[in-house]
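Counting from 1, the numbers follow the sequence of the chain as shown. Keep in mind it's a predicted model, so treat the numbers as computed, not measured.
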Amino acid sequence: MTFTITDTAVFDGDDLLAGRHDVRVDGGTVTAVTPAGAVAPSGAVVDAAGATLLPGLIDGHVHFQQPVDFSALLAGGVTSAADMASWPPEHLADLRSRSGGIVFTTPGAPLIGPAGPHSHMPGLSEAVIDSPEAARREVAIRVAQGVDYIKLVLEAEGRGGPEPDAARAAVEAAHAAGLRVVAHASSVGAIALAVEIGVDILTHAPLDGTVAAETIARIVEQGIVVVPTLIMMRTVAEARGVPQAYANARAFATAIHDAGVVIVAGSDANSAPGSPAAVFHGTGARDETGLLVDAGLSPVEALRAATSTSAELYGFENRGVIRPGSVADLLLVNGDPTADIAAVGDIRGVWLAGRRVS
């Protein structure tokens with residue numbers, strides 16, 4: 001199918017292009033981005049006067065439980081995502097077959113400690129790493145399953161997570177296999193451990209205190225990318241009856257931004273029974289960009305965190321950008337989200353590989 005979105009502002013994944021543009025799509029691919037009116041439109045015409053066209057959002061932290069999660073993501077303008085734990089392999093295969101065309105990455109089952117909160121989740125008893133040998137064995141299993149990265153659930157010392165020697169062995173084995181390590185680290189102690197053992201991606205932000213300046217300096221030095229999931233941290237703080245604790249998570253996001261850390265937008269959206277807090281697939285990414293701006297990012301920086309930067313981190317080739325040759329995963333919103341980030345939730349249209357979704 002060929003169509004042209006006419007007279008639109010364009011945020012191309014990096015910046016807002018000057019002036020208004022026409023964007024032509026052929027067979028699921030963006031084939032031209034031209035000044036408005038310079039070339040006769042091809043195919044069907046979508047009038048985008050007063051609107052801004054963005055790449056489809058990429059949520060850098062979600063959990064898939066059922067096929068309806070994918071349609072909820074699309075309703076919120078999310079066209080790709082980084083899953084942060086789906087198991088067993090049969091369930092993961094079923095999700096892929098029913099994703100409706102949404103592309104996602106996954107670590108399969110996470111590696112966990114013997115007594116942390118995740119140890120009580122069904123089906124994870126074999127994912128416990130209580131020794132370096134167990135860590136290497138579990139990483140080898142994930143490699144054989146073809147996962148995209150290793151997910152390591154860390155806790156502060158004494159809270160039941162993997163011991164440092166086992167966690168370090170998991171990181172070393174993953175790196176030897178050419179895989180990066182994503183660390184669930186939602187406390188000051190867990191973040192310090194993640195940095196000490198050399199993970200590649202930190203996800204979450206602490207509610208229990210302030211991360212030391214030395215730790216933030218090491219995050220910068222080691223090139224660790226952070227997915228702070230502020231919407232989840234705020235929701236958890238509210239669910240626990242301590243909404244003031246969210247200030248710690250917000251301060252962490254501000255500090256790493258000021259230090260120059262690469263930040264990716266991720267909501268931790270999920271529909272799993274028993275989740276500590278409900279963040280919805282349809283609104284999570286929108287809410288996360290708003291909270292990133294509240295923490296000090298500019299609207300343009302927050303949009304990059306949810307498009308091109310996320311695509312680069314997770315290897316979504318030709319996604320998260322609008323340019324000739326890119327996949328036509330597109331989000332059309334009313335207004336200008338580069339000036340007012342809230343506009344990212346005022347959706348006029350969503351396209352997945354050139355197919356408009358209702």
Side-chain angles (χ1 to χ4, degrees), residues 13 54-87 91-110 146-151 180 182 184 200-204 225-232 235 262-272 275 278-292 302-321 326-331 344-345 347 350-353 355 357:
L54 318 167
L57 303 182
I58 299 173
D59 195 323
H61 187 136
V62 301
H63 293 275
F64 292 126
Q65 183 71 17
Q66 51 196 335
V68 71
D69 296 340
F70 298 109
S71 57
L73 279 179
L74 287 174
V78 178
T79 54
S80 304
D83 170 60
M84 283 299 158
S86 289
W87 70 91
H91 175 62
L92 178 57
D94 181 62
L95 287 172
R96 288 203 182 281
S97 71
R98 302 168 70 184
S99 70
I102 286 183
V103 176
F104 66 93
T105 53
T106 184
V147 302
D148 299 293
Y149 34 81
I150 299 297
K151 171 76 175 289
R180 292 170 298 170
V182 179
H184 165 111
D200 305 285
I201 302 167
L202 273 172
T203 186
H204 301 309
V225 178
V226 179
V227 188
T229 67
L230 294 179
I231 183 59
M232 173 55 79
T235 306
V262 174
I263 295 174
V264 163
S267 67
D268 204 3
N270 67 89
S271 61
S275 171
V279 172
F280 300 105
H281 286 95
T283 58
R286 173 201 70 192
D287 293 343
E288 185 67 15
T289 57
L291 291 178
L292 288 174
L303 291 171
R304 290 173 185 156
T307 56
S308 59
T309 304
S310 189
E312 182 177 357
L313 177 65
Y314 293 113
F316 293 118
E317 188 174 358
N318 288 324
R319 288 180 162 86
V321 294
S326 63
V327 177
D329 288 353
L330 303 170
L331 169 61
V344 79
I347 296 174
V350 179
W351 289 262
L352 182 65
R355 174 180 59 86
V357 296

*Would you say Pro228 and Glu288 make side-chain contact, with heavy atoms under 4.5 Å?*
yes

*Out of curiosity, Thr229 OG1 to Leu292 CG, how far, rounded to the nearest 0.5 Å?*
10.0 Å

*Would you say the side chain of Ser86 lies within less than 4.5 Å of the side chain of Leu95, judging by non-hydrogen atoms?*
yes

*Any side-chain heavy-atom pair from Phe64 and His281 closer than 4.5 angstrom?*
yes

*Set of residues satisfying side-chain contact (heavy atoms from CB on, under 4.5 Å) with respect to Val357, sequence neighbours excluded*: Leu74, Val350, Leu352, Arg355

_Results of side chain to side chain donor-acceptor pair (under 3.5 Å) for Arg98 - residues two or more places apart only_ = Asp94

Give the table of side-chain donor-acceptor pairs shorter than 3.5 Å for residues 101-108, with sequence neighbours excluded, one pair per line with atom names and distance.
from   : atom 1 : to     : atom 2 : distance (Å)
Thr105 : OG1    : Tyr149 : OH     : 2.9
Thr106 : OG1    : Asp83  : OD2    : 2.6
Thr106 : OG1    : Gly108 : N      : 3.1

_Any heavy-atom pair between the side chains of Val227 and Ser310 that's under 4.5 Å?_
no

*Could you give the distance from CG (Leu313) to CD1 (Ile263), rounded to the nearest 0.5 Å?*
12.5 Å

*Taking all heavy atoms of Gly13 and all of Arg304, pick out the closest pair and write down the distance.*
O-CG, 3.6 Å

*Working to the nearest 0.5 Å, report the span between CD1 of Ile201 and CD1 of Ile150.*
11.5 Å

*Look up atom CG in Leu54 and atom OG1 in Thr307, then write down how far apart they are to the nearest 0.5 Å.*
8.0 Å

*Phe280 side chain near Ser267 side chain, heavy-atom distance below 4.5 Å*: no

*Taking Asp287 for its side chain and Gly284 for its backbone only, find out whether a donor-acceptor pair lies under 3.5 Å.*
no

*Any donor and acceptor pair, going by atom type alone, linking the side chain of Asn270 with main-chain N or O of Asp268 inside 3.5 Å?*
yes

*Which is it for Asp69 and Val62 under the side chain to side chain contact (heavy atoms under 4.5 Å, CB included) test, yes or no, and what are the steps along the way?*
CA-CA 10 Å; Asp69 296 340; Val62 301; over 6 Å; no

_Minimum heavy-atom distance between Ser308 and Val321, given as atom pair plus value_ = CB-CG1, 4.1 Å

_Run the side-chain contact (heavy atoms from CB on, under 4.5 Å) test against Thr235 and tell me which residues pass, sequence neighbours left out._
Ile231, Ala277, Val279

_Test side chain to side chain donor-acceptor pair (under 3.5 Å) applied to Thr203 - qualifying residues, sequence neighbours left out_ = His61

_To the nearest 0.5 Å, what is the distance between OG on Ser80 and CG on Leu73?_
9.5 Å

*Could you pull out all residues at least two apart from His184 that satisfy side chain to side chain donor-acceptor pair (under 3.5 Å)?*
His204

*So Val344 and Leu331, side chain to side chain contact (heavy atoms under 4.5 Å, CB included) or not? Walk me through it.*
CA-CA 9 Å; Val344 79; Leu331 169 61; 4.2 Å; yes

*For residues Ile58 and Asp329, determine if any side-chain heavy atom of one lies less than 4.5 Å from a side-chain heavy atom of the other.*
no

*asked:* How close do Ala311 and Gly320 get, counting heavy atoms only, and between which atoms?
replied: CB-CA, 4.1 Å

_Reported NE2-to-CD distance for the pair His91 and Gln66, which is rounded to 0.5 angstrom_ = 8.5 Å

